[in-house]
Every structure is written in structure tokens, then in C-alpha cells.
Amino acid sequence: MTCAACVNSVEGILRSLPGVKGAVVALATSLGEVEYDPSVISKDDIVNAIEDAGFEASLVQSSQQDKIILGVAGIFSGMDVHFLEGILSSLKGVRQFRFDRMSGELDILFDPEVVTSRSLVDSIEGASSGKFKLHVMNPYSRMTSKDVEETTNMFRLFTYSLFLSIPVFLIRVVCPQIPLVYSLLLWRCGPFIMSDWLKWALVSVVQFVIGKRFYVAAGRALRNGSTNMDVLVALGTSASYFYSVGALLYGALTGFWSPTYFETSSMLITFVLLGKYLESLAKGKTSDAIKKLVELAPATALLLVKDKGGRSVGEREIDALLIQPGDILKVLPGTKVPADGTVEWGSSYVNESMVTGESVPVLKEVNSSVIGGTINLHGVLHIRATKVGSDAVLSQIISLVETAQMSKAPIQKFADFIASIFVPTVVALSFLTFLGWYVAGAFGAYPEEWLPDKSNYFVLALMFSISVVVISCPCALGLATPTAVMVATGVGANNGVLIKGGEALERAQKVKYVIFDKTGTLTQGKATVTTAKVFNEMDRGQFLNLVASAEASSEHPLGKAIVEYARHFHFFDYPSETDDSTNSKESKISGWLQDVTGFSALPGRGIQCFIEGKLVLVGNRKLLAESGIAIPTHVENFVVELEESAKTGILVACGDALIGVLGVADPLKREAAVVVEGLKKMGIRPVMVTGDNWRTARAVAKEVSIEDVRAEVMPAGKAEVICSFQKDGSIVAMVGDGINDSPALAAADVGMAIGAGTDIAIEAADYVLMRNNLEDVITAIDLSRKTFARIRWNYVFAMAYNTIAIPVAAGAFFPWLRIVLPPWVAGACMAFSSVSVVCSSLLLRRYKKPRLTTILEITVE
């Protein structure tokens with residue numbers, strides 16, 4: 001594919017296939033994503049349909065885990081190939097296979113219900129008695145090698161073309177200045193002089209051997225009812241080549257010799273190939289982010305081999321892509337964790353910065369979860385693999401970045417429309433240019449002094465029209481958006497900000513309101529009990545035991561904080577675990593809690609249960625009011641005092657009377673106030689929405705300087721709050737923890753899930769902020785603004801280039817300024833216009849996260 005017209009053509013072909021539900025094709029990555037019904041159409045049928053249209057296509061990856069591509073070492077002869085095929089034919093579960101001896105790649109289609117990929121590899125290596133060594137070909141590595149191959153091929157074509165074009169240029173420009181050489185070139189050999197024979201021969205090779213790809217691509221485009229840049233190149237070079245051949249033959253027949261323009265054709269193809277080579281190099285740089293993510297995953301893993309009794313009997317090194325759920329893997333100090341899993345044995349610190357962005361190493365002990373691609377620092381770990389393949393965190397991050405790079409920003413529709421009419425418009429302008437200059441010359445509208453040496457009106461008109469065809473560049477327009485989006489998503493991933501596509505990027509730069517959830521977003525989400533006051537004769541210890549027993553079954557962070565506080569009060573010496581679920585399990589089995597019946601959680605209000613036959617209520621005022629329990633004035637005053645100091649008051653009732661109050665505090669994140677101030681400086685209005693009471697909400701909002709607060713809002717009501725801000729057409733962003741804020745994240749124009757860590761698969765959010773740091777909200781918005789500023793510059797340049805270049809090439813300024821663009825110079829301009837757009841997008845790689853001191857205009861001494 002060469003430009004946006006090719007993309008439209010391939011998408012049209014794919015969408016017209018029976019069984020295809022949707023298709024997206026990306027120019028910058030040369031990748032397509034197809035959603036299809038396998039009962040109607042197969043993967044091979046899709047690939048064949050693209051190839052029938054004249055494009056090259058191959059399957060990179062599929063969600064169906066029934067195909068594996070292996071690299072095979074140890075094959076040296078035809079006998080070895082037959083031996084391998086014999087082994088494969090005898091294996092159960094193998095449906096189809098194909099071995100490519102040139103690349104050494106073996107494609108196997110198998111039944112995953114009968115045989116696994118690892119047992120397949122083991123069976124082949126075992127049956128060959130170790131003669132064949134197999135390794136799984138990583139789909140991303142294969143794509144990279146194909147990109148390198150394409151770039152190498154383009155460079156080879158360019159060097160060949162340059163090698164043949166330089167003599168043609170020398171014959172035309174330099175040799176006439178050297179008498180001896182020039183006399184040899186003027187030597188007549190048959191109907192033509194030697195210089196004409198040499199130029200014709202050299203340029204014919206450039207035109208039809210090296211330039212064959214332009215004819216093939218142009219024919220393919222025309223056959224599919226579309227036009228692209230190759231059509232313009234083929235038209236321009238063919239016009240100058242066949243005119244030159246015609247001029248030679250006409251001279252041989254009539255004796256009237258017109259000048260030839262063979263060098264125009266060869267130099268034009270040379271410059272276009274140079275542009276394509278540079279463009280290919282630059283486009284390769286835009287996908288560096290995915291390459292870096294792929295390189296995080298280790299190539300191999302140490303598998304612990306166990307006997308039937310579950311005892312470890314040894315270890316073996318396996319390909320990391322062959323790890324299966326349930327495998328026990330050994331991770332040595334200084335090596336990468338090969339898969340997502342849980343620690344079965346050992347303890348160590350693990351550096352997770354490459355995935356989560358958190359720079360401080362994390363302690364991992366038994367039952368701790370680990371992420372594939374992170375680095376084990378000190379001790380030896382035995383981990384049980386839980387998520388492998390496409391389910392792994394790293395794979396999901398790569399998938400998110402890839403999907404973002406595949407998606408089209410709405411602004412891209414403009415380029416697609418221009419691309420669809422660009423080539424026909426340029427051809428029409430070229431024809432009008434030819435007609436205008438030729439007719440004007442025939443009627444004597446301009447003097448003969450304007451004509452080139454030994455030339456006529458036809459040649460002058462032809463040269464101007466060829467320049468118009470070859471200087472026009474639809475590629476620059478087609479690359480303006482996708483290359484910038486590709487670089488931006490990659491830069492975002494490197495900074496811990498995962499962007500789900502061009503549309504999200506485009507909306508984020510227009511954000512007017514940022515709505516924050518309170519708990520876990522503005523606050524640390526680590527609630528702690530600061531106050532416990534009893535308002536009856538009950539002992540403090542009994543009170544805490546009662547509340548902890550009631551809250552032990554709750555999954556709410558406040559409930560867990562209460563249980564933890566009660567445990568410490570009772571001097572239970574259990575180690576404090578990082579995993580909250582472990583706390584609740586320990587609480588239940590510790591024996592100090594009372595038996596609970598009829599437990600139920602009441603969203604937005606609290607919990608209720610029965611202990612020793614009495615109804616126990618733990619929650620807010622609304623819960624007690626619904627149950628008809630009055631709150632005495634002195635208790636209400638105490639709760640108000642708590643709320644005004646930014647704490648949440650939790651009321652406890654037993655039977656029909658209120659017995660006590662707990663004060664729970666959730667400290668603010670240290671950067672919260674500065675980020676809110678930073679957003680205001682950026683012209684964005686921050687809003688806080690919480691289910692907490694009004695006094696606590698106002699107290700927290702006051703600390704971070706948020707004026708607009710919405711409190712006592714149920715989870716479903718947050719989406720309604722967002723809709724109220726959207727009524728006037730404003731773009732609203734919602735920042736939440738990605739779990740209980742899903743309705744609000746989905747309702748917002750831009751949903752940002754913060755501190756997602758390993759929970760990458762958040763469908764509702766448009767941005768996933770890997771670190772639990774609010775500064776990334778500013779990074780996300782700032783990156784989208786910088787990206788779209790760059791896209792606008794790209795469009796301005798691409799449009800300005802064509803707007804200025806076409807009139808210059810058409811000779812519009814020739815009568816006054818005598819400016820003439822020879823076709824080969826026009827071709828060079830066209831080649832470098834698309835390169836310059838890609839390079840402009842690559843400048844985004846230099847993006848640096850905004851410093852809050854800069855945003856706040858603070859001068860630090």
C-alpha cells in the first residue's frame with residue numbers, strides 16, 4: 001500500500017467479503033484487522049481475496065489458537081524435509097502443515113482440543129531424536145523482519161536506479177563539456193547516434209525492470225476502481241519515456257530531430273524510490289514502542305518438571321511462547337519473569353517499572369502476583385503461570401497500543417476524502433495544463449524565445465503537464481494523521497499512558513471538564529480508622545468486635561479498614577498482608593469474630609446482618625433513617641465534626657438503637673492539589689463526584705481547591721452528572737479507578753482509568769493510566785494536544801505543498817519569473833514531501849512529560 005487510496009481499496013475489498021463483519025487497515029503499519037465468522041469464510045480466503053486484488057498479504061496473528069509457526073534448524077537436504085513431513089503426518093491433531101525451505105519456517109494448523117503447541121514441539125523433536133531443533137516464531141518479530149526486508153529491497157532498487165541514472169545524467173549534462181567523450185557519443189551507429197542508444201538502453205532498464213513495481217501497483221489500483229500515487233508516477237514517467245522514444249523514431253524517419261527527455265524518466269523513478277526508502281525507514285521508527293514492549297518478554301523460561309506425586313525431579317529450558325497455565329517456573333535473580341502468575345515459593349524484590357511505571361521495586365512473597373516481562377532482582381522465585389498468550393498483561397498492553405495505532409482519528413476522514421478525488425483531479429489539471437500551453441503556443445500567445453532549444457510548443461506543454469503529474473503527492477496527506485497517532489500512542493505507552501485509539505486522542509485535546517472520583521482517585525484509597533466512639537454502656541472492645549464481625553464479609557475498602565483496626569485493637573499478631581482479600585480470610589478463621597447470618601451489602605448506604613438474633617446496621621445516615629433509627633443530637637454533632645475534618649463518619653446500630661460511631665480517613669494523594677491547580681492553568685475545570693456525604697466531600701474538595709462538588713451520588717448517578725455537563729456540547733473526561741466507575745467512564749467523552757496496574761482489560765476507559773499517579777491525567781491531555789498540533793502542521797504542510805507546487809509545476813509563474821520545474825526536480829519534491837511529513841510526526845518522540853512547576857509557573861530557586 002502506498003497511500004490512503006490503497007487503504008480505502010483494501011478495506012472495501014475486505015468489507016465486501018461474505019462473513020466479514022468489520023475491517024480496519026492501517027497505512028503506517030501495513031496491518032489489517034478483520035473480524036469475521038469462521039463458519040462462513042476462512043483465514044486463507046481473506047488472504048487470497050487481498051492477493052487477488054493485486055496486494056501482497058499474509059496472516060500475522062489470529063485469536064483462534066489453532067496455528068503455530070515454528071523455525072526449524074537441522075534441515076540440510078530433501079531427505080530431511082521428507083523425514084519432517086513423515087513425522088508431522090503421523091502426529092494426532094495435526095490438520096495441515098507447510099514447510100518453507102527458503103525461510104526455514106514450518107506452519108502447522110492443529111486441533112487445540114487434541115494436542116497443545118508444547119506437546120507438538122516435544123513430539124517433533126523427540127521423533128527426530130534431537131536432529132531437529134524448533135523454536136516458536138514470534139509474530140511481532142516476523143513483522144519486524146518483513147519491515148526490514150521491505151526497507152532493504154527499497155534501498156536495493158534505489159541504488160540500482162541511481163547507478164543506471166547517473167550515466168544518463170552525465171551524458172546529457174557533463175559529457176558535452178569534454179570534447180573527446182562528446183565526439184564518441186556523437187558517433188552514428190545505425191539510425192541513431194551513440195548517446196541516444198546508451199540513454200535508451202539504460203532508461204529502458206530503469207523504466208520497465210526497476211520501475212515495474214509502479215506499473216503493477218497502478219494496474220492493481222485501476223483494476224479495483226481506484227487511483228493512487230503509483231498511477232501518477234507511471235503516467236509521468238511513461239509520458240516522458242514514450243515521448244523520447246517517439247522523438248527518436250520520428251527523427252530517424254523524417255530527419256527532424258527533437259530533443260529527448262530520457263533522463264526525466266530515470267531521475268524521476270530514482271527520486272521516488274529514494275523517497276520511498278526514507279519513508280520506509282521513518283515509518284519503521286514510528287513502531288519502536290511496540291518493538292520495545294515485545295522485547296520485554298524473555299525468549300525462554302525454566303520449567304520445573306514434577307513427577308506424579310508433585311515432587312520436583314528436574315528443570316528444563318523451554319520457549320517462553322510454549323508456557324501453559326499451571327506450569328511451575330523457576331525465576332533466577334537478575335532474569336525476567338516469563339509469564340503472569342503467582343509466587344508458589346521464595347521471596348524477592350521485583351522491578352515492575354517497565355510495565356506499571358512505578359520505579360520502586362515491589363516485594364513478592366508466597367501468593368503475591370507477578371507480571372511477565374518484569375525483572376526479578378534478588379532471590380529465587382518459583383511461580384505458577386496463570387495468564388499466558390493473549391491473556392497476559394504485556395500482551396494486552398501490546399494489543400492496546402496496536403489497536404490504537406490501527407484506529408482512525410475522525411480528522412483522518414478528511415484525508416481519505418481528499419485521497420479519493422486527488423489523482424483524478426491532478427490528471428485533469430495536467431491535461432488542462434498541456435492543453436493551455438499547447439493551444440496558447442499554437443495561437444502565438446507567447447514568444448518562441450520561451451521554448452527550450454530545438455523544441456516546439458508540444459514539448460513545452462508536455463514538460464509542464466508531466467511536472468504537474470509527478471509533483472502532486474497524495475501520500476503526504478495520507479500519512480499526516482496515522483504516523484502522528486502511531487508515535488503518540490508509543491510515547492504514551494513509554495510514559496505509562498495507554499491510549500485506546502486516534503478518536504480518544506482527538507477528543508482528549510478538547511476536554512473542558514475533568515471529573516474526579518474521590519476514593520482511590522483523589523485520595524490514596526487506603527482508608528484507616530482514626531476514631532471509634534461508643535455511645536452506650538458497651539465496652540470499646542466488644543463494640544469493635546461487633547462491628548468487625550459485621551464487616552468481615554464486606555468487600556468495601558471501608559469495611560476492610562474497620563476489620564484491620566479491630567484486629568490490631570485485639571492484639572492479634574497476624575502479619576499484615578498487602579492483599580486485602582487475605583486479610584478478610586484470616587479474619588474469618590481467626591476465631592475472635594462472632595457468627596453472622598443474613599448478611600447483605602446495600603450500595604450507597606452500608607451493610608446489615610444479624611448477630612445473636614439482633615439486627616446490626618453499619619453505614620450512613622440514610623441507612624439508619626430507612627430503618628427508623630433516630631440519631632441523637634450529640635451524636636449528630638460528633639459526626640458533623642468528623643465530616644468537617646474530611647473524615648467519613650460511619651454509624652453503628654444494634655437492635656433499634658445507635659450504639660457508636662467510627663471515623664475513617666482516606667489521605668489525599670500528595671500530588672492531588674498541584675494537579676488540580678495545573679488543570680485550571682490549562683483552561684480545564686475540575687469537578688469532584690463522590691458517594692460520600694456533603695460535609696466530607698466539601699472538606700476534601702477544599703483541600704485540593706475544587707469548587708464544583710457533587711456528593712451523595714450513587715454509582716449509576718455519576719453517569720447522569722457527566723451527561724449534565726455534556727448538554728452544552730462540552731467534552732468531559734472522567735478519572736476513576738476503572739472498577740466501580742465503569743458506567744461513568746463509559747458515559748464520559750474521555751474515560752481515564754487510573755492506577756489500573758495489572759487490570760488492563762478495562763473496556764469502558766479510553767485511556768488507561770498505568771501508574772496510580774494523578775500527574776498522568778495532565779500528561780494524557782498534554783500529549784493529545786501536542787499530537788493534534790503536530791497533525792495540523794502535517795496537514796498544513798501537505799496541503800500548502802500541493803497548493804503551491806502544482807501551480808509552479810504548471811508554469812503559472814513562468815511568464816513573469818521564468819521559473820521552470822523540470823519533471824525530475826518535480827519528482828524529487830514529491831518524494832521528499834511525504835518523507836518530511838513522517839519526519840515531522842517523528843518529532844513527537846522527543847515529547848517530555850510536562851513539569852508541574854512549569855504548568856503552575858512556579859520559579860524554584
Side-chain angles (χ1 to χ4, degrees), residues 353 356-360 491-492 494-499 508-528 644-647 665-690 692 696-711 725 731-738 741 744-745 748 750-757 765 767-787 847-861:
S353 61
T356 63
E358 295 291 350
S359 57
V360 180
V491 166
N494 290 338
N495 284 289
V497 176
L498 300 181
I499 306 161
Q509 45 114 19
K510 301 174 185 172
V511 165
K512 188 176 177 183
Y513 296 97
V514 171
I515 297 178
F516 291 99
D517 176 43
K518 179 178 79 74
T519 308
T521 302
L522 287 171
T523 65
Q524 293 175 15
K526 295 175 184 174
T528 51
E644 285 176 346
S645 59
K647 293 173 186 173
D666 186 2
L668 280 168
K669 288 179 180 171
R670 58 184 178 78
E671 75 276 8
V674 187
V675 167
V676 166
E677 186 64 25
L679 287 170
K680 290 178 181 176
K681 295 278 185 182
M682 292 169 76
I684 297 167
R685 187 173 162 191
V687 180
M688 189 180 86
V689 177
T690 178
D692 215 333
T696 304
R698 285 197 185 105
V700 171
K702 188 178 179 182
E703 283 189 55
V704 293
S705 304
I706 292 179
E707 289 88 21
D708 198 337
V709 184
R710 310 293 164 97
F725 283 108
I731 302 294
V732 178
M734 168 74 193
V735 185
D737 59 18
D741 295 316
L745 288 168
V750 181
M752 295 185 185
I754 190 167
Y767 282 72
V768 178
L769 311 180
M770 296 291 288
R771 304 184 309 153
N772 199 7
N773 193 317
L774 286 170
E775 289 177 33
D776 289 343
V777 174
I778 287 181
T779 302
I781 295 170
D782 183 65
L783 178 59
S784 70
R785 288 181 176 182
K786 294 274 196 323
T787 302
Y847 174 83
K848 294 282 186 289
K849 291 169 72 170
R851 293 176 61 186
L852 290 176
T853 51
T854 309
I855 293 171
L856 298 175
E857 298 164 1
I858 297 171
T859 306
V860 181
E861 295 294 332

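FYI, the numbering just counts along the sequence from 1.
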Looking only at heavy atoms, which two atoms of A646 and V700 are closest? And how far apart? CB-CG2, 4.1 Å
Any side-chain heavy-atom pair of L774 and T521 under 4.5 Å: yes
Closest contact, heavy atoms only, S784 versus Q509: OG-N, 3.2 Å
Ion pair check, K680 and E707, cut-off under 4.0 Å: yes
Run the side-chain contact (heavy atoms from CB on, under 4.5 Å) check on R785 and M682 step by step: do they pass? CA-CA 11 Å; R785 288 181 176 182; M682 292 169 76; 3.8 Å; yes
Looking only at heavy atoms, what is the nearest atom pair of V676 and P686, with distance? CG1-CG, 3.7 Å
Shortest non-hydrogen contact from M734 to A748? CB-CB, 3.6 Å
Where is the tightest heavy-atom contact between V709 and A701, given as atom of each residue plus distance? CG2-CB, 3.3 Å
So V497 and I499, do their side chains get closer than 4.5 Å, heavy atoms only? yes
Taking T523 for the side chain and K518 for the main chain, is one N or O donor matched with an acceptor at less than 3.5 Å? yes
Can a side-chain donor-acceptor contact be found between Y847 and D782 if the only test is distance below 3.5 angstrom? yes
Distance col, row I781:CD1 vs K786:NZ, nearest 0.5 angstrom, shows 12.0 Å
Any heavy-atom pair between the side chains of I684 and K512 that's under 4.5 Å? no
Value for OG1 (T779) from CG (N773), rounded to nearest 0.5 Å, stands at 8.0 Å
Do I754 and K669 come close enough that some side-chain heavy atom pair is under 4.5 Å? yes
Taking E775's backbone N and O only, do any of them form a donor-acceptor pair with E671's side chain (distance below 3.5 Å, no angle check)? no
Answer whether the closest heavy-atom distance between the side chains of V675 and I778 falls below 4.5 Å. yes
Please tell me if the side chains of I515 and V735 come closer than 4.5 Å, counting only heavy atoms from C-beta onward. no
Check M688 against A697 and note the closest heavy-atom contact, atom names and distance. CE-O, 3.2 Å
After noting the C-alpha distance and the side-chain angles of L522 and I706, does the key distance pass the side-chain contact (heavy atoms from CB on, under 4.5 Å) rule? CA-CA 11 Å; L522 287 171; I706 292 179; 4.0 Å; yes
From CA spacing to verdict: side-chain contact (heavy atoms from CB on, under 4.5 Å), L769, V777: CA-CA 8 Å; L769 311 180; V777 174; 3.8 Å; yes
Before you tell me yes or no, could you show the steps for F516 and L679 under side-chain contact (heavy atoms from CB on, under 4.5 Å), namely the whole-Å CA-CA distance, both residues' side-chain angles and the distance that decides it to 0.1 Å? CA-CA 12 Å; F516 291 99; L679 287 170; 3.5 Å; yes
The side-chain contact (heavy atoms from CB on, under 4.5 Å) partners of R685 (sequence neighbours excluded) come to Y513, D708
Quick test of your reading of the model: are K849 and D776 salt-bridged, counting only N-O distances below 4.0 Å? yes
Find the distance between CG (L668) and CD (Q524) and round it off to the nearest 0.5 Å. 8.0 Å
Would you please name every residue forming a side-chain contact (heavy atoms from CB on, under 4.5 Å) with A733, sequence neighbours left out? V511, V514, V750
